[in-house]
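Just below is one structure, and these are the notes that go with it.
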Amino acid sequence: MMMVPKKISLLQFFTLLFLFTITFTASTEEATALLRWKATFKNQNNSLLASWTEISSNACSDWYGVICFNGRVNRLNITNAGVIGTLYDFPFSSLPFLEYVDLSMNNLSGTIPPEIGKLANLVYLDLSSNQISGPIPPQIGSLAKLETLYIWDNHLNGSIPGEIGYLRSLTMLSLYTNFLTGSIPTSLGNLSSLSLLLLYENCLSGPIPEEIGNLRSLTNLELDTNFLNGSIPASLGNLTNLSFLSLVDNHLSGPIPGEIGHLRSLTELDLSYNTLDGSIPASLGNLTNLSLLYLHENHLSGSIPSEIGYLRSLNKLALSTNFLTSCIPASLVNLTNLSLLSLYNNHLSSHIPEEIGNLRSLIVLNLSNNILNGSVPASLGNLTNLSLLYLYSNHLSGPIPEEIGNLRSLTDLELDTNFLNGSIPASLGYLRNLQALFLHGNNLTEEIPSSLCNLTLLKNLYLERNNLKGKFLQCLSNISGLSVLMMSQNNLSGEIPSSICNLTLLQILDLGRNNLKGEISQCYGNMSGHLEVLDMHHNNLFGTLPTTFSIGSVLKSFNLRGNELEGRIPRSLANCKQLQVLDLGDNYLNDTFPMWLGTLPNLKVLSLRSNKLHGAIRTSRIENFPELQIIDLSYNAFTENLPTSLFQQLKAMRTINQTLKGPRYLGDGYYQDSVTLATKGRNLELVRILTVYTAIDLSSNRFEGQIPSIMGDLTALRVLNLSHNGFQGHIPKSLRNLSLVESLDLSSNQLSGEIPQQLTSLTSLAFLNLSHNHLIGCIPQGNQFDTFEKNSYEGNNGLCGFPVSKGRGNDRISKTNYTVFALDDQESTSEFLNDFWKAALMGYGSGLFIGLSIVYFMISYGKLKWLARIIEGLEHKIITRRKKKQRG
């Protein structure tokens with residue numbers, strides 16, 4: 001039977017039509033308000049919001065991101081719509097029925113207006129990933145129905161308003177990656193429904209409030225990368241639903257509370273990069289669901305608790321950079337799911353347990369920077385999933401086990417800086433995925449196995465500072481990807497194959513201090529487009545220097561000192577604009593001074609010592625050597641006067657760098673530059689060159705004339721050696737300006753006149769040699785000059801006073817007079833005697849002479865100068881008696 005539609009009245013029809021209209025059509029007021037806001041955008045014709053027009057028949061159904069309920073705008077979702085604007089003209093008052101607002105991933109800037117508090121029905125607010133700045137307005141506490149608040153990844157500043165604690169319905173609060181300051185408000189403890197609290201990557205300070213422990217529904221708590229201080233509150237142990245806790249990279253101190261062990265739901269715990277101290281609580285062994293435990297970079301001490309071995313679900317364990325001691329607990333071998341084990345930079349001793357080979361899931365094993373001893377366990381060969389193996393900087397000894405060759409997944413093997421001996425096992429040639437092999441700083445012997453040439457993916461090969469012998473492996477030049485090859489300080493012999501120049505990615509080639517011989521290849525100059533370090537110092541290479549350094553060279557360090565090279569310094573080195581260190585000393589180079597090197601803008605070290613260089617130093621009118629810190633031209637045959645203009649241009653020696661914090665060295669993490677210098681009367685090799693170290697050594701040449709007074713302008717200078725030349729005239733008084741100079745040697749010249757009294761102001765001076773000149777008058781007294789011995793002045797017959805004569809003018813004191821004089825320095829007799837006998841007893845174990853010497857140095861640097869002269873007499877008498885006994 002056919003159904004006949006039921007007739008409806010006209011009133012019912014209009015009623016249905018009205019309900020339909022108010023359900024799907026936004027009010028004119030709301031639509032107009034949204035259009036006014038859109039009109040403020042800098043990109044009004046944005047494609048996603050192009051549907052927002054006045055001619056649209058229905059804003060609820062036709063406008064992008066607008067959803068209505070009962071005829072009023074209920075949801076606004078224009079995430080990632082490319083909007084460029086602000087919230088200043090957002091129609092807060094015109095949209096009272098809004099429950100859901102997502103404006104994330106746009107380009108909104110400016111501040112959050114306080115009018116946001118008018119959205120009384122708002123449940124969800126997401127303003128994340130914009131450019132919003134300024135503080136969070138306290139009016140946000142009026143959004144009583146709000147459950148989700150996301151304003152992460154913006155530029156918010158100021159403190160978190162305590163009014164957020166009024167949002168009792170809040171379950172998600174994410175304000176991370178902003179610039180919020182101040183403390184975490186205690187009112188957050190009122191948010192009993194909160195399950196997620198993310199405040200990381202801000203500038204928050206102060207302690208973690210105890211009230212956080214009231215958030216029993218919390219599953220994720222991330223407060224890392226702030227400036228939080230104080231201790232970790234024990235109340236966090238109340239958060240039994242917590243699965244993720246991260247407090248990394250703050251200033252938290254004190255012990256890890258044992259209550260953390262109550263968090264049985266915890267899967268990840270990261271407390272690293274703080275200053276936590278005390279021991280690791282055994283209660284952490286209760287966290288049986290834990291898969292990640294990071295406690296590294298703290299001040300934790302004691303042993304690793306065996307209870308850690310109960311965490312069978314643990315996947316990553318990092319306890320590095322603490323003060324943990326004792327041995328690696330055997331219980332760790334129970335963590336069969338462990339993929340990362342990092343215990344580096346502690347004080348762990350004893351041996352590596354053989355059972356560590358049971359951790360078959362390990363991908364990363366880092367036990368470096370400890371004091372582990374014994375051998376490298378052969379059981380490591382069982383860890384076939386291992387990608388990174390770091391055992392460097394320990395006290396490991398014995399041979400490298402052949403079983404390491406089983407680790408076919410290994411990409412990095414670092415066993416350097418230990419006491420390993422024997423040969424490099426040929427089985428390492430099976431590690432076809434290996435990219436970095438660090439074996440330097442051991443006592444490995446025998447020849448380098450040719451199987452290493454099978455490592456075709458190798459990029460970094462470090463074999464320096466061993467006792468390896470045999471010839472240089474020619475097949476290494478077949479490893480096309482090699483970028484660092486360091487084999488210095490071994491006993492390698494034979495010639496360096498020219499095929500090494502085929503390594504087009506090689507950046508560092510260090511073969512110094514071996515027994516390599518043969519003529520140096522000219523092809524090295526062709527490598528300067530990629531080679532940054534070329535170091536072959538102290539070998540037996542001969543021939544002439546490469547002449548083909550090209551424009552665009554990246555060479556930074558060029559060291560061939562201590563070979564048998566001849567000829568001239570190639571002019572093509574002027575193409576090496578990045579060159580910082582040039583050391584060609586101790587060869588047979590025959591040339592004049594290469595002033596053209598002064599055009600190198602980054603040259604910091606120039607050593608041409610002990611060659612056959614000759615002639616006068618001619619300068620040019622252009623700026624030269626702007627960054628030069630060390631210049632050594634000693635033991636050559638340079639003549640004539642020193643040009644004043646040369647020292648006018650040494651800008652790096654004229655400015656004291658006071659901005660550096662901590663020592664920095666020339667070179668990089670791969671290679672450290674070195675240089676040999678005469679300082680404080682000795683030839684020393686600086687195995688690392690401090691960036692603040694400055695020195696001029698022009699000794700053992702034939703320079704004439706006066707010492708240029710402009711040298712006093714080189715205020716950053718630490719070493720000045722002009723000895724064994726023909727300088728005449730007076731010592732320049734301007735040298736008093738060298739406030740940092742530590743070693744000053746003007747010996748074996750023709751200098752005359754008196755020693756300038758002004759030099760006593762050089763309080764950093766530790767070594768002075770003015771011997772064998774024609775100096776006259778009294779030796780200045782005071783400060784460092786009271787510490788220099790006779791040999792600093794010998795060969796100057798016209799000098800008088802301490803220490804070359806017995807007295808100091810009218811204050812002579814006989815060396816045999818042991819009478820204690822009255823103290824002139826406002827120091828009491830009792831204080832003096834106390835310090836005297838303390839220092840004397842310091843030398844008791846080595847004899848009275850050393851003890852008295854300690855006293856002598858103490859009072860020489862202080863005010864009791866009169867006592868220094870008495871002690872000198874004591875020392876003289878004791879030595880005389882000993883000599884008589886020996887002869888008798």
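Predicted, not measured: the structure shown is a model, and the values here were computed from it. Heavy-atom basis, side chains included; hydrogens, waters and symmetry copies ignored. Numbering of residues begins at 1 and proceeds along the displayed sequence.
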Next item on the list: Might you confirm whether atom NZ of Lys577 has over 12 heavy atoms from other residues, nucleotides or ligands at distances under 6.0 Å?
Entry: yes
Next item on the list: Would you mind telling me which of Thr181, Leu223, Ile160 makes a side-chain contact (heavy atoms from CB on, under 4.5 Å) with Leu204?
Entry: Ile160
Margin query: For Leu127 versus Ile112, what's the shortest heavy-atom pair and its separation?
Written below: CD1-CD1, 4.1 Å
Checklist line | Between CG on residue Asp412 and CG on residue Leu434, distance to nearest 0.5 Å | finding: 7.0 Å
Note to self: If we count only N and O atoms by modelled type, under 3.5 Å, do the side chains of Ser483 and Lys459 hold a donor and an acceptor together?
What the structure shows: no
Item checked: Atom pair CD (Glu259) and CG (Leu239), whose distance is rounded to the nearest 0.5 Å -> 12.0 Å
Check: Does a donor on one side chain and an acceptor on the other come within less than 3.5 Å for Ser339 and Asn315?
Finding: yes
Note to self: If only side-chain N and O atoms count, and only distance matters, is there a donor-acceptor pair under 3.5 Å linking Ser104 with Thr79?
What the structure shows: yes
Margin query: Tell me if a side-chain donor or acceptor on Asp89 pairs with a main-chain N or O of Ala39 at a distance below 3.5 Å.
Written below: no
Notebook entry, point to check: Taking the side chain as C-beta and beyond, is there a heavy-atom pair between Tyr100 and Asn74 under 4.5 Å?
Noted result: no
Margin query: Show the nearest heavy-atom pair for residues Ser192 and Ser217, with the distance to one decimal.
Written below: O-OG, 3.2 Å
Notebook entry, point to check: If you take all heavy atoms of Pro233 and Pro257, which pair is closest and at what distance?
Noted result: O-CG, 4.3 Å
Check: Hey, is the main chain of Glu627 close enough, under 3.5 Å, to the side chain of Lys651 for a donor-acceptor pair?
Finding: no
Next item on the list: May I have the step-by-step check of side chain to side chain contact (heavy atoms under 4.5 Å, CB included) for Asp270 and Phe244, ending in yes or no?
Entry: CA-CA 9 Å; Asp270 192 346; Phe244 191 102; over 6 Å; no
Margin query: Looking at Arg72 and Glu30, is any side-chain nitrogen of the basic one under 4.0 Å from a carboxylate oxygen of the acidic one?
Written below: yes
Note to self: Nearest 0.5 Å, please: how far is OG in Ser253 from CG in Asn274?
What the structure shows: 8.5 Å
Next item on the list: Using a cut-off of 6.0 Å, state whether more than 12 heavy atoms not belonging to Tyr166 lie near its atom OH.
Entry: no
Notebook entry, point to check: Short question: side chain of Ser368, backbone of Tyr344 - any donor-acceptor pair under 3.5 Å?
Noted result: no
Check: So, for Ala234 and Glu210, which heavy atoms are closest and what is the spacing to 0.1 Å?
Finding: N-OE2, 4.4 Å
Margin query: Let's go through Val101 and Leu122 carefully: what are the C-alpha distance in whole Å and the side-chain angles of both, what is the deciding distance for side chain to side chain contact (heavy atoms under 4.5 Å, CB included) to 0.1 Å, and is it a yes or a no?
Written below: CA-CA 8 Å; Val101 175; Leu122 204 60; 3.6 Å; yes
Check: Who passes ring-ring contact (aromatic ring centres under 6.0 Å, His included) against Tyr294, sequence neighbours left out?
Finding: His296
Checklist line | Distance in Å, Tyr273 OH paired with Glu297 CD, rounded so as to fall on 0.5 Å steps | finding: 4.5 Å
Notebook entry, point to check: When the ring planes of Trp52 and Trp37 are compared, do they come out parallel, tilted or perpendicular, using 30° and 60° as the limits?
Noted result: tilted
Next item on the list: Return yes if a side-chain donor-acceptor contact under 3.5 Å exists between Ser128 and Asp153, otherwise no.
Entry: no
Side-chain donor-acceptor pairs under 3.5 Å in residues 167-179, sequence neighbours left out?
{"residue": "Arg168", "atom": "NE", "partner": "Gly165", "partner atom": "O", "Å": "3.4"}
{"residue": "Thr171", "atom": "OG1", "partner": "Glu147", "partner atom": "O", "Å": "3.1"}
{"residue": "Thr177", "atom": "OG1", "partner": "Glu201", "partner atom": "OE1", "Å": "3.0"}
{"residue": "Asn178", "atom": "OD1", "partner": "Asn154", "partner atom": "N", "Å": "3.1"}
{"residue": "Asn178", "atom": "OD1", "partner": "His155", "partner atom": "N", "Å": "3.3"}
{"residue": "Asn178", "atom": "OD1", "partner": "Leu156", "partner atom": "N", "Å": "3.0"}
{"residue": "Asn178", "atom": "ND2", "partner": "Ile151", "partner atom": "O", "Å": "3.1"}
{"residue": "Asn178", "atom": "ND2", "partner": "Leu175", "partner atom": "O", "Å": "3.0"}
{"residue": "Asn178", "atom": "ND2", "partner": "Tyr176", "partner atom": "O", "Å": "3.2"}

Note to self: Is there a side chain to side chain donor-acceptor pair (under 3.5 Å) between Thr267 and Asn289? Walk through the geometry before answering.
What the structure shows: CA-CA 5 Å; Thr267 60; Asn289 291 310; over 6 Å; no
Item checked: Spacing of Asp126 atom CG and Trp152 atom CH2 [to the nearest 0.5 Å] -> 7.0 Å
Check: Can you check whether Thr288's main-chain N or O pairs, donor with acceptor, with Ser313's side chain at less than 3.5 Å?
Finding: yes
Check: In terms of heavy-atom contacts, does CG of Leu505 have more than 12 from other residues, nucleotides or ligands at under 6.0 Å?
Finding: yes
Next item on the list: Work out which heavy atom in Gly162 is nearest to a heavy atom in Pro185; give both atom names and the distance.
Entry: CA-CB, 4.1 Å
Notebook entry, point to check: Where is the tightest heavy-atom contact between Lys145 and Asn121, given as atom of each residue plus distance?
Noted result: NZ-OD1, 2.9 Å
Check: Which residue, Asn226, Leu228, Asn250, forms the side-chain contact (heavy atoms from CB on, under 4.5 Å) with Ile208?
Finding: Leu228
Note to self: What verdict does the side chain to side chain contact (heavy atoms under 4.5 Å, CB included) test give for Leu284 and Leu295, after you've listed the backbone C-alpha separation in whole Å, the side-chain angles of each residue and the deciding distance to 0.1 Å?
What the structure shows: CA-CA 12 Å; Leu284 295 188; Leu295 304 180; 4.2 Å; yes
Item checked: Approximate separation, where rounding is to 0.5 Å, of Leu199 CG and Leu180 CG -> 8.0 Å
